[in-house]
Amino acid sequence: MSLSLASRCPVCSSTEHLLRCQGCKAQVYCGREHQVSDRDAHKKACNSVKKAQHTLDLKEQELRAHPGDFMTPPNLFEEGVGHFWGIHETRPYMRARYALIESLLKIKTSHAVQSALNHALDMLRLCRGDNIGVRDCIPAMFLRLGKDQACYDFIKWYFTTGQDAHYNWGDMDLPFLDVKDADSFESVELYTGTYAYISFAVAVALIKFRLLLDIKALQNSTALGEKVRQELLDNIRGQLVSSIVAGNKDIMQNQDQTALIKKLESQVEELFKAVNTSNKYFWPALLRPGSNLNARPQMYSTGTVEHMQLVLQYSYASWVETPGAIDMIKELSKKHTGN
C-alpha cells in the first residue's frame with residue numbers, strides 16, 4: 001500500500017534532490033525556479049508557520065529567563081517536566097506550541113507532519129495530563145507518516161494504562177506510553193465500548209483497514225507462486241505490505257489468508273458501527289466534509305456536531321491519503337445507514 005502523503009515539489013511532483021523552504025522549513029522544492037513560481041500559493045501557510053514559530057520562541061525565552069518564585073520553580077524545562085500545565089506561567093508557551101502544530105499541518109508534506117508530531121509528543125512529555133488535548137491529534141499524524149504500529153501502541157496505552165483510575169499522572173517514575181509492538185490484529189472490543197476517545201477509535205478503524213488491504217494484497221500475490229522463484233516472490237510480497245505485516249512470519253508464510261481477511265473485515269465493520277453509535281455525524285462528514293473542516297468549535301459535548309468537527313479535522317487527511325479508505329466507508333454507510 002502506498003500513501004499519497006510525501007515530500008515532493010508541489011509544482012512538478014519531483015521527490016529527488018529536494019530543498020526546504022527556509023521560511024517554514026516544512027515545504028520542499030526541486031529548485032529555486034519552482035519555489036519562486038509557487039510563492040503566491042505557499043505564502044499564507046509559510047507566514048503562518050513563521051509567525052507561530054516566532055511566538056513560540058519568545059514564549060520559550062520568557063520561561064527560560066524566569067527566575068522562579070513561590071509558585072514557579074526555576075529551570076522550568078527541567079524541574080517542571082510532566083506537569084507543565086499545572087504551572088500557570090507555562091500556559092502561553094503550551095498554547096503557542098499547539099498553534100505551531102496547527103500551522104504546520106496546513107502544509108501537506110511529510111516534513112511538516114513529522115515536525116508537528118515531534119512537537120505534539122514533546123508536549124505530552126512536558127505535561128502527561130495533557131490539559132490541551134493534544135493526544136487526540138497524534139494518531140492521525142502517525143498514520144499519515146505510515147507509522148501504523150507506533151500509532152496502535154500509542155492508542156493501546158491510553159486504552160489500558162491510561163484508563164487506570166489509580167495511575168498517578170504526576171509521578172515521573174511511572175512508565176508512560178511504553179506499549180511496544182502490541183498485536184494490531186487483536187480484537188477491537190477494547191475500542192468499541194469507550195466513546196470518549198472517538199478520534200482513537202477512528203484511527204484504529206483506519207489501521208485495521210490498512211491491514212486488510214495488505215492481507216488482500218498478499219492473498220492476490222499467491223497466484224504468482226507458480227510463475228516466479230520463491231526468493232523473488234518473497235521480495236515482491238514484502239514490498240506489497242506494511243512493516244507490521246512484513247514482520248509477521250506466520251502471516252507472510254501463510255498461503256491462504258481467507259480467515260484473516262474475514263476477521264479484519266468484521267473488525268472494520270465493528271469499529272464503523274461503534275463510531276457511528278458514538279457520533280452519528282462523523283462518517284457522513286468524512287464523506288462530505290464541506291465547511292466542517294474549517295469550523296472552530298470552542299466547546300463540545302460527546303456525540304455533538306462540534307465534537308465531530310474536531311475529530312474530522314484531526315483525522316481527515318489520514319483517510320483521504322489512504323487509497324480505498326473513503327470508498328470503504330461509502331460501502332459501509334450504504335449497508336448500515338442507507339446513505
**Request:** Only pairs at least two apart or in different chains count here, so list each ring pair (Phe, Tyr, Trp, His ring centres under 6.0 Å) that has a residue in residues 106-140.
**Result:** none
**Request:** Answer yes if the side chains of Tyr191 and Gln267 hold a donor-acceptor pair under 3.5 Å, and no otherwise.
**Result:** no
**Prompt:** Is the side chain of Thr90 donor-acceptor paired with the backbone N or O of Gly86 at a distance under 3.5 Å, no angle test?
**Reply:** no
**Item:** Side chain Gln257, main chain Ile215, donor-acceptor under 3.5 Å
**Value:** no
**Item:** Asp153 side chain vs Asp181 backbone, donor-acceptor pair below 3.5 Å
**Value:** yes
**Message:** Please find the pair of heavy atoms, one from Glu89 and one from Leu63, that lie closest to each other, and give the distance.
**Reply:** O-CD2, 3.3 Å
**Asked** Between the side chain of Thr192 and the main-chain N/O of Glu189, is any donor-acceptor distance below 3.5 Å?
**Response** yes
**Request:** Return each pair, listed once, that meets ring pair (Phe, Tyr, Trp, His ring centres under 6.0 Å) where at least one residue sits in residues 244-280; pairs must be two or more places apart or across chains.
**Result:** Phe272-Trp283, Phe272-His336
**Asked** Ignoring hydrogens and geometry, is there a side-chain-to-backbone donor-acceptor pair from Gln298 to Arg296 under 3.5 Å?
**Response** yes
**Request:** Indicate yes or no for a side-chain donor-acceptor contact from Ser48 to the backbone of Lys44 under 3.5 Å, with no hydrogens or angles considered.
**Result:** no
Only distances under 3.5 Å count here; give the side-chain donor-acceptor pairs of residues 23-32 to other protein atoms, sequence neighbours excluded, each with its distance to 0.1 Å.
residue, atom, partner, partner atom, Å
Lys25, NZ, Gln22, O, 3.1
Tyr29, OH, Asp38, OD2, 2.6

**Request:** Can you run down the salt bridge (Lys or Arg N to Asp or Glu O under 4.0 Å) pairs that involve residues 117-134, sequence neighbours left out, and say none if there aren't any?
**Result:** Arg97-Asp122, Asp122-Arg125, Asp130-Arg135
**Item:** Sequence neighbours excluded, every pair satisfying salt bridge (Lys or Arg N to Asp or Glu O under 4.0 Å) that has a member inside residues 270-279
**Value:** none
**Request:** Taking side chain to side chain contact (heavy atoms under 4.5 Å, CB included) as the test, write out the residues that go with Glu331, two or more places apart.
**Result:** none
**Message:** Can you pull out every salt bridge (Lys or Arg N to Asp or Glu O under 4.0 Å) where at least one residue sits in residues 257-267? Sequence neighbours excluded, please.
**Reply:** Lys216-Glu265
**Message:** Tell me if a side-chain donor or acceptor on Asp136 pairs with a main-chain N or O of Ser199 at a distance below 3.5 Å.
**Reply:** no
**Request:** Tell me, please, which residues at least two apart from Tyr167 pass ring-ring contact (aromatic ring centres under 6.0 Å, His included).
**Result:** Trp157, Trp169
**Item:** With Tyr158 via ring-ring contact (aromatic ring centres under 6.0 Å, His included) - residues at least two apart
**Value:** Phe154, Phe200
**Message:** Please check this pair: side chain of Lys108 against backbone of Val113, looking for a donor-acceptor N/O pair closer than 3.5 Å.
**Reply:** no
**Message:** Suppose the criterion is salt bridge (Lys or Arg N to Asp or Glu O under 4.0 Å): which pairs have a residue in residues 51-60, not counting sequence neighbours?
**Reply:** Glu60-Arg64
**Item:** Qualifying ring pair (Phe, Tyr, Trp, His ring centres under 6.0 Å) pairs with a residue from residues 34-79, counting only residues at least two apart or across chains
**Value:** Phe77-Phe84, Phe77-Tyr93
**Prompt:** Ignoring hydrogens and geometry, is there a side-chain-to-backbone donor-acceptor pair from Asn248 to Ile251 under 3.5 Å?
**Reply:** yes
**Prompt:** In the hydrophobic clustering (ILVMFWY, side-chain contacts below 4.5 Å, transitive), which residues join Val36, or is it alone?
**Reply:** none
